[in-house]
Amino acid sequence: PARKIEVISALQGLGLHHVLQRYAVGYFDDELSKNNAYSRECREKWYEESWRMFQWDDPIFDIDNQKEIEDTPTSFMSRGSHRISSDGPPDWHESLYNTLSCLSNQDSKGFLNHLVHARNAVLFEIGNLSGGESAPTHKCKILNDLELVYEKLYTNQSKKASDFLDLSMGGRLHSEFKPQFQFEEQVLSVKEVLLRTLRAGKKGNTEYELDLASHLKAFSTMARAQSSFQVADGCLQRLVTVIASRSNVQRNMELKLEESKNLWCRKDFTSAIRTVKSVISNLKQDSSDELLSEALILCGKWSSQIRVESANAVLKKYLKPGAEMANLQGRMKNEKDGLRSAEAHLALGNFVAELYDNVISRIRSREWKMAGLAANERKKEHSKCEELMAVAQKKYRDKKANKSKRKSVSQGDKSLQELEQDLQEIYMHKRNLEKVIDIDTKERLNVVKSSVDFLKLALESFANALSTSDVGDKINMTKYVYKMVSLWYTGKAEANTVIASVHRKIPSFRFAPLIYQLFSRLGQPSKASSSQLSSNEKDNEDFQDILRQIVIRICVEHPYHALVPLIALSNGNKIGSGVSGRQSSTYLDNVGDSKVEATKEVLNKIRETGPSYLADLIHSYERICNAYIDLAMAPTQQFHAQRSKYIPLSVMD
């Protein structure tokens with residue numbers, strides 16, 4: 001019997017549901033029935049597959065004797081009358097099967113009776129748990145969904161089907177919680193059965209049809225995220241049948257797009273990209289910007305990962321158009337569109353940031369420096385060629401003039417033809433050098449220009465994504481703030497220009513995790529006039545100006561997070577008598593007076609421009625910080641001779 005149960009479990013894992021049911025009925029004989037534990041387990045497997053396959057009465061395996069089934073709202077649930085024999089109280093899946101069967105037959109009394117049996121089965125299981133086992137919370141969720149449906153159908157309470165559609169884990173199960181998916185999958189399957197039952201009972205009601213379609217799509221996404229590709233494919237196949245009556249180009253392409261995601265997760269990269277490209281071509285004709293944006297972004301990301309197209313082609317054909325379309329959709333202030341816009345801009349920003357890093361690595365590489373030295377040598381050689389050519393031209397003209405005057409030629413002088421040949425060789429060598437120098441110069445300039453373009457585009461893309469504030473916890477935006485600020489720090493004038501234009505549209509709370517990193521960069525701008533500043537000094541002045549604007553905005557809008565670190569930085573040169581000698585000078589050199597003065601200027605600016613209560617708050621924080629500093633720096637020499645480490649606070653004046 002144990003081997004038979006293993007076979008049933010294996011068939012269930014492979015998704016061979018019809019074979020499993022036939023096997024379970026065929027082997028449910030007297031020999032197996034003698035072992036009560038195995039018989040109950042086999043019966044539970046059979047009942048689970050029955051409600052999963054919407055077979056509310058067991059199908060008659062002898063097809064010749066099967067009767068015609070009337071076309072009723074619940075005909076897809078009525079496929080026979082054979083049942084596996086049952087003894088003792090019903091277990092979980094048997095009770096669930098009977099409860100759903102009563103629901104399909106609109107038997108409210110039977111529904112409640114079998115729901116009680118299901119509750120008892122769960123309570124019995126909880127009562128027999130050992131210390132290391134977890135409670136069957138997924139079964140409690142199913143019971144809650146069944147009760148919600150009962151209240152909707154048989155009481156006066158008006159509830160929508162969407163009330164129990166919330167996906168329990170939202171499709172965001174982490175890899176370490178992957179074993180939980182087998183339980184979550186059962187919850188979602190029951191939700192699907194309930195929606196199908198409600199839909200079958202009220203034909204023509206589009207509410208249930210739309211809810212069922214949304215559920216199947218979300219179910220497929222969650223299964224794909226957990227690498228349960230068979231479950232994901234099954235959801236899509238059932239979704240096709242649900243929307244068949246309302247099929248159109250956009251819905252068909254939406255299914256195709258989901259199919260391409262499944263193919264990509266299965267590592268069938270060629271088929272995935274071919275499918276998403278066909279979606280793009282069809283959607284361009286249908287003018288569906290919403291879905292087209294997602295398809296373009298996906299195609300761009302996948303093409304760049306397996307390098308089927310060049311980086312420039314991916315950028316121009318897919319990522320930039322997709323981000324622009326998503327940006328237009330995001331302006332509609334819809335949470336779904338905002339999330340899609342943020343994801344599109346982040347995909348574009350990540351791709352371009354990677355290109356920028358590659359270009360910068362190339363510019364800083366030894367090969368780039370060696371190529372620059374070789375280019376300089378060619379320029380020097382070109383200058384020498386010009387000098388040689390000038391000399392050769394003079395000799396040629398002089399020789400030609402002497403020949404016309406028929407002057408005597410000294411022995412060993414080159415003939416006019418030889419001089420002309422020398423001149424031609426020097427000219428050809430000079431022309432070849434000019435071509436190579438021109439190619440090198442254009443290539444190096446294009447590389448430098450591309451680094452600037454990539455930097456600007458990456459910063460703009462991250463800023464557009466970060467300006468979307470209603471993404472919830474679906475995207476971890478913190479790491480992208482770090483990425484954007486890191487790019488800003490590595491860039492110069494171009495980065496300052498972009499940040500100056502975009503930082504105000506980013507909510508200040510996005511910068512809150514970077515308080516210490518931002519404050520540590522505060523400094524004094526140069527006091528020289530702008531005409532006397534070098535390019536680096538001018539860039540630093542612009543950087544400090546933008547940084548102060550960001551810091552002031554953070555402190556004004558989030559004073560309880562930001563003011564204390566800023567005040568602590570303004571006290572950087574207060575070392576008291578507890579630090580002296582060489583350590584004192586080293587500490588002050590590291591802190592620097594410019595940083596301390598800069599933070600004091602920022603605090604004064606906050607007092608002037610911020611709300612009135614901020615001045616009092618800053619004053620209070622400064623007093624308490626000074627008190628802590630005085631306490632920390634108080635002399636303790638008089639206590640060094642004592643063995644006790646306890647120093648009374650009352651003696652610290």
Side-chain angles (χ1 to χ4, degrees), residues 481 485 488-489 492 495-496 499-500 503-504 506-530 532-534 536-635 652:
V481 182
V485 173
W488 177 30
Y489 286 173
K492 292 186 179 179
N496 290 334
I499 295 296
H503 76 86
R504 291 196 176 278
I506 301 174
S508 60
F509 71 85
R510 298 284 188 210
F511 294 105
L514 286 85
I515 283 176
Y516 294 99
Q517 289 82 353
L518 292 170
F519 290 2
S520 66
R521 294 282 180 145
L522 283 170
Q524 286 284 74
S526 177
K527 296 181 180 180
S529 62
S530 58
Q532 297 175 339
L533 294 176
S534 64
N536 289 335
E537 290 174 337
K538 182 66 169 64
D539 293 342
N540 182 62
E541 192 173 66
D542 294 339
F543 174 82
Q544 289 297 328
D545 182 53
I546 299 166
L547 180 60
R548 290 189 182 204
Q549 294 178 33
I550 295 174
V551 169
I552 290 171
R553 191 154 67 96
I554 295 173
C555 291
V556 169
E557 297 180 11
H558 308 280
Y560 300 102
H561 289 81
L563 284 179
V564 172
L566 192 64
I567 291 170
L569 197 58
S570 70
N571 292 328
N573 56 1
K574 291 184 179 181
I575 59 173
S577 58
V579 181
S580 59
R582 184 174 60 186
Q583 291 85 354
S584 173
S585 59
T586 303
Y587 176 79
L588 290 174
D589 287 341
N590 289 334
V591 174
D593 291 334
S594 65
K595 196 180 297 296
V596 174
E597 292 300 320
T599 51
K600 288 181 178 178
E601 290 178 6
V602 170
L603 285 170
N604 290 331
K605 190 71 173 176
I606 294 170
R607 288 190 184 95
E608 296 171 3
T609 60
S612 57
Y613 77 92
L614 282 182
D616 296 333
L617 186 62
I618 292 172
H619 178 68
S620 301
Y621 277 146
E622 285 179 336
R623 291 195 65 181
I624 194 170
C625 288
N626 289 333
Y628 276 117
I629 292 172
D630 292 340
L631 178 61
M633 296 300 180
M652 307 303 295

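Each residue takes its place number in the sequence, starting with 1. Model, not experiment: these values are computed from the prediction.
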I'd like to check Glu557 versus Arg553 (side-chain heavy atoms, cut-off strictly below 4.5 Å). Are they in contact? yes
Can you name the side-chain hydrogen bond (donor to acceptor under 3.5 Å, both in side chains) partners of Asp542, sequence neighbours left out? Lys538
According to the ring-ring contact (aromatic ring centres under 6.0 Å, His included) rule, which pairs have a member within residues 541-564, sequence neighbours left out? Trp488-Phe543, Tyr489-Phe543
When you measure from the side chain of Lys595 to the backbone of Leu569, do you find a donor-acceptor pair of N or O atoms at a distance under 3.5 Å? no
Looking at SG of Cys625 and CG of Asp630, how far apart are the two atoms once the value is rounded to the nearest 0.5 Å? 11.0 Å
Heavy-atom side-chain contact between Val556 and Pro611 under 4.5 Å: yes
Kindly write out the residues that satisfy side-chain hydrogen bond (donor to acceptor under 3.5 Å, both in side chains) with Gln517, not counting sequence neighbours, or none if the list is empty. none
Can you tell if the side chain of Leu566 reaches within under 4.5 Å of the side chain of Ser570, non-hydrogen atoms only? no
Pairs where residues 596-631 contributes a residue and the test ring-ring contact (aromatic ring centres under 6.0 Å, His included) is met, not counting sequence neighbours: none
If the condition is side-chain hydrogen bond (donor to acceptor under 3.5 Å, both in side chains), which residues does Asn626 pass it with, not counting sequence neighbours? Lys574
Could you tell me which residues satisfy side-chain hydrogen bond (donor to acceptor under 3.5 Å, both in side chains) with Arg548, sequence neighbours excluded, listed by chain and number? Gln524, Glu601
Please name the pair of heavy atoms, one in Asp539 and one in Asn496, separated by the smallest distance, quoted to 0.1 Å. O-ND2, 3.1 Å
Would you call Thr599 and Phe519 a side-chain contact if the rule is heavy atoms closer than 4.5 Å? no
Could you pull out the closest heavy-atom pair between Cys555 and Ile606, with the gap in Å? CB-CD1, 3.4 Å
Partner residues of Ser612 under the side chain to side chain contact (heavy atoms under 4.5 Å, CB included) criterion, sequence neighbours left out: none
Got a sec, which pairs hit salt bridge (charged side-chain N to carboxylate O under 4.0 Å, His left out) with one end in residues 614-628, sequence neighbours left out? Arg607-Glu622
The reported gap from CD1 in Ile499 to CD1 in Ile506 (rounded to nearest 0.5 angstrom) is 6.5 Å
When rounded to the nearest 0.5 Å, the distance separating CD1 of Ile550 from CD1 of Ile515 is 12.5 Å
